[in-house]
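Below is one structure, written out as structure tokens, with a few remarks after it.
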Amino acid sequence: MSDLWPTELRVSKDHQRLVVTFNDGAAFDLSAELLRVLSPSAEVQGHGPGQKVTVPGKRNVAILSMTPTGNYAVRIGFDDMHDTGIYTWSYLRELGEKGAELFAGYERELAEKGMSRDISEKPR
């Protein structure tokens, strides 16, 4: 994975999607919702095992900003003011390759907790 890096990071005009193209030609179209609810930030992932939270109500979240972080990642800011996730190139690749599976898991977590993609409430 360390030999892979993006050659393009492009936010859609409606700010709802991020297209990532890698130097090996692989390209992925990632929704802002996926990026937000699976943010690598401690706010979402926690500080240790078993601390991950489920973030509801982000169906219409939008990307506001992208800030390069060294040569290995990008910090993405969202319109709900979440901006602490640092997305490494390998994590963006993982989201591209396994995004559908990871998002299905997120939807299962929402259902198990009686939460919704449409109603914002405190993550749990």
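Remember, predicted model here, so these are calculated numbers, not experimental data.
How far CG of L110 is from CZ of F103: 7.5 Å, rounded to the nearest 0.5 Å.
Linking ILVMFWY side-chain heavy atoms closer than 4.5 Å, directly or via other members, places L9 and V61 in a single hydrophobic cluster. Cluster annotation: I86 is not connected to L30 through the hydrophobic network of ILVMFWY side chains, with a link wherever side-chain heavy atoms come within less than 4.5 Å. V37 and M66 fall within a single hydrophobic cluster, where Ile, Leu, Val, Met, Phe, Trp and Tyr are joined by side-chain heavy atoms under 4.5 Å apart, directly or via other members. Transitive grouping of hydrophobic side chains (ILVMFWY, heavy atoms separated by less than 4.5 Å) keeps V19 and L38 in distinct clusters. Residues V44 and L64 do not share a hydrophobic cluster, clusters being chains of Ile/Leu/Val/Met/Phe/Trp/Tyr side chains in contact below 4.5 Å.
Looking at K58, its side chain never comes within 3.5 Å of a backbone N or O of R117 through a donor-acceptor pair. Within the 3.5 Å criterion, the main-chain N or O of Y72 finds no donor-acceptor partner in the side chain of T88. Listed for the R93 side chain is no donor-acceptor partner under 3.5 Å among the backbone atoms of L4. Put simply, the side chain of R75 gets close to the backbone of D83: a donor and an acceptor are under 3.5 Å apart. A distance-only check finds a donor-acceptor pair linking the side chain of W89 to the backbone of N71 [under 3.5 Å]. In this structure, S12 contributes its side chain and R17 its backbone to a donor-acceptor pair below 3.5 Å. Put simply, the side chain of Q51 gets close to the backbone of G48: a donor and an acceptor are under 3.5 Å apart. One N or O on the side chain of Y87 and one on the backbone of L35 form a donor-acceptor pair closer than 3.5 Å. A donor-acceptor contact shorter than 3.5 Å is absent between the side chain of Y91 and the backbone of S39. A donor-acceptor pair under 3.5 Å is absent between the side-chain atoms of H15 and the main chain of A62, judged by distance alone.
Nearest heavy atom pair, residue P56 against residue S116, reads CB-O, 3.3 Å. Taking all atoms of both residues into account, the shortest heavy-atom contact from D24 to A26 is OD1-N, 3.1 Å. Across every non-hydrogen atom of V74 and P68, the tightest pair is CG2-N, 4.2 Å. The minimum heavy-atom distance between H82 and S41, with the atom names listed, is CE1-OG, 3.1 Å.
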Q: Begin from the C-alpha positions of E33 and Y106 and carry the test side chain to side chain contact (heavy atoms under 4.5 Å, CB included) through to its verdict.
A: CA-CA 11 Å; E33 181 183 16; Y106 163 71; 4.2 Å; yes
**Q.** Derivation of the side chain to side chain contact (heavy atoms under 4.5 Å, CB included) call for R36 and V55
**A.** CA-CA 8 Å; R36 174 60 180 91; V55 182; 4.0 Å; yes
Q) What do the steps show when you test L92 against F22 for side chain to side chain contact (heavy atoms under 4.5 Å, CB included), and what is the final call? A) CA-CA 10 Å; L92 287 173; F22 285 88; 4.3 Å; yes
Q: Begin from the C-alpha positions of M115 and E109 and carry the test side chain to side chain contact (heavy atoms under 4.5 Å, CB included) through to its verdict.
A: CA-CA 8 Å; M115 300 164 90; E109 289 174 20; over 6 Å; no
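In K52, the NZ atom is crowded: over 12 heavy atoms of neighbouring residues, nucleotides or ligands sit closer than 6.0 Å. The number of heavy atoms from other shown groups lying within 6.0 Å of CG (D118) is above 12.
Taking 4.5 Å as the limit, some side-chain heavy atom of L18 sits within range of a side-chain heavy atom of I76.
For N23, there are no side chain to side chain donor-acceptor pair (under 3.5 Å) partners, not counting sequence neighbours.
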